[in-house]
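Here's the structure we're looking at; comments come further down.
Side-chain atoms are counted along with the backbone in the values below, which use heavy atoms only and exclude waters and symmetry mates.
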2 protein chains.
Amino acid sequence: MATPSALDRTLSALADPTRRGVVDRLRQRPHPAGELAAAFDMSPPAMSRHLRVLRQTGLVEENVDADDARVRVYRLRPEPFAALRGWLDEVESFWEDQLGAFKAHAERTRGTKPPGGRKS
Amino acid sequence: MATPSALDRTLSALADPTRRGVVDRLRQRPHPAGELAAAFDMSPPAMSRHLRVLRQTGLVEENVDADDARVRVYRLRPEPFAALRGWLDEVESFWEDQLGAFKAHAERTRGTKPPGGRKS
DNA sequence: TTAATCATTCACCCTGACGTTAACGACTTT
DNA sequence: AAAGTCGTTAACGTCAGGGTGAATGATTAA
């Protein structure tokens, strides 16, 4: 594939347990990179790469700590989550449609079997 | 990894473009495995493996066609999507909290409308 | 200035995921 | 019964993803 879509990258990023753990942890408060590495019992390079992935998908943003410029503080960003929700809404509208069609059908026919439409 | 969580498997399954394409396609109507393989220009074994992944996470279900027992028809299942939505709601509550705090602050500072609380 | 700290990138290994072709089982058709 | 079709599993090759330790850059502490 030419270039993975934003949704591709968002879902791949969130598929990794470590990265989703980071997201969950950042829900509480922003964290420095080193704290995250320690929290997940992982070497700094490994965590750095995870954070880069999250950064590249826009799931987190990096800021230099005001008191110590060596420290990079990470926090969540909302946009990719909103996009994921948008896709999920679309998919789940499937069942809304089904339910609506079923209700309409039931109302028309009164006490018959659910729709079993086939063939294209 | 002891055993990947249901959310892990759901997100990994959906991270693959082909599998998400299958999900998108199944939104229209149920499809036989062969139709899906053809639609994505992919060998039957490759599609079969994708479908197995989707099945194992509960994202799709397999049924034998009523007219031709060789044909396996796949359709979407709602549960894993609901679970994903649940997690997404939790994550996004982060910003609701932020917004709530901001609204509360604004309300303390000057007089504004009260927040419409919505908790699960 | 020199040493220590924070986080990154670099070079490398290694497992797992995805694709292919070949073989198989189940069913349908002739 | 024999041949053809649908879909799966088996065996194999390839490549990206994720881990490590070493080296680098930037900043702070001694």
Inset, instruction - Using a strict 4.0 Å threshold on nitrogen-to-oxygen distance, state whether A:Arg70 and A:Asp65 make a salt bridge. - result: no
Legend entry - Carboxylate-amine/guanidinium proximity below 4.0 Å for B:Arg27 and A:Glu90: yes
Inset, instruction - Using salt bridge (charged side-chain N to carboxylate O under 4.0 Å, His left out) as the criterion, point out the one residue from B:Arg29, B:Arg25, B:Arg72 that pairs with B:Glu35. - result: B:Arg29
Looking only at heavy atoms, which two atoms of [X] and [Y] are closest? And how far apart?
{"X": "A:Ala37", "Y": "A:Pro44", "result": "CB-CA, 4.2 Å"}
{"X": "B:Pro30", "Y": "B:Val73", "result": "CB-CG1, 3.6 Å"}
{"X": "A:Val22", "Y": "A:Phe40", "result": "N-CZ, 3.5 Å"}

Legend entry - Distance, rounded to the nearest Å, where A:His50 contributes NE2 and C:dA7 contributes C1': 15 Å
Inset, instruction - Take atom CG of B:Asp16 and atom C1' of C:dA17, then tell me their distance rounded to the nearest Å. - result: 9 Å
Inset, instruction - Walk along DNA chain D from 5' to 3' and tell me the first and last nucleotide with an atom closer than 4.0 Å to a non-hydrogen atom of chain A. - result: D:dG18 to D:dT28
Legend entry - Pairing residues for B:Asp8 by the salt bridge (Lys or Arg N to Asp or Glu O under 4.0 Å) criterion, not counting sequence neighbours: A:Arg20
Inset, instruction - Give, ordered by number, those residues of residues 37-48 of chain B having at least one heavy-atom distance below 4.0 Å to an atom of DNA chain C; if nothing qualifies, reply none. - result: B:Met42, B:Ser43, B:Pro45, B:Ala46
Legend entry - DNA chain D-proximal residues of residues 51-77 of chain A, any heavy atom under 4.0 Å: A:Asp68, A:Ala69, A:Arg70
Legend entry - ring pair (Phe, Tyr, Trp, His ring centres under 6.0 Å) partners of B:Phe81, counting only residues at least two apart: A:Trp95
Legend entry - side-chain hydrogen bond (donor to acceptor under 3.5 Å, both in side chains) contacts touching residues 9-18 of chain B (sequence neighbours left out): none
Legend entry - B:Leu76 and B:Leu59, any side-chain heavy atoms less than 4.5 Å apart: no
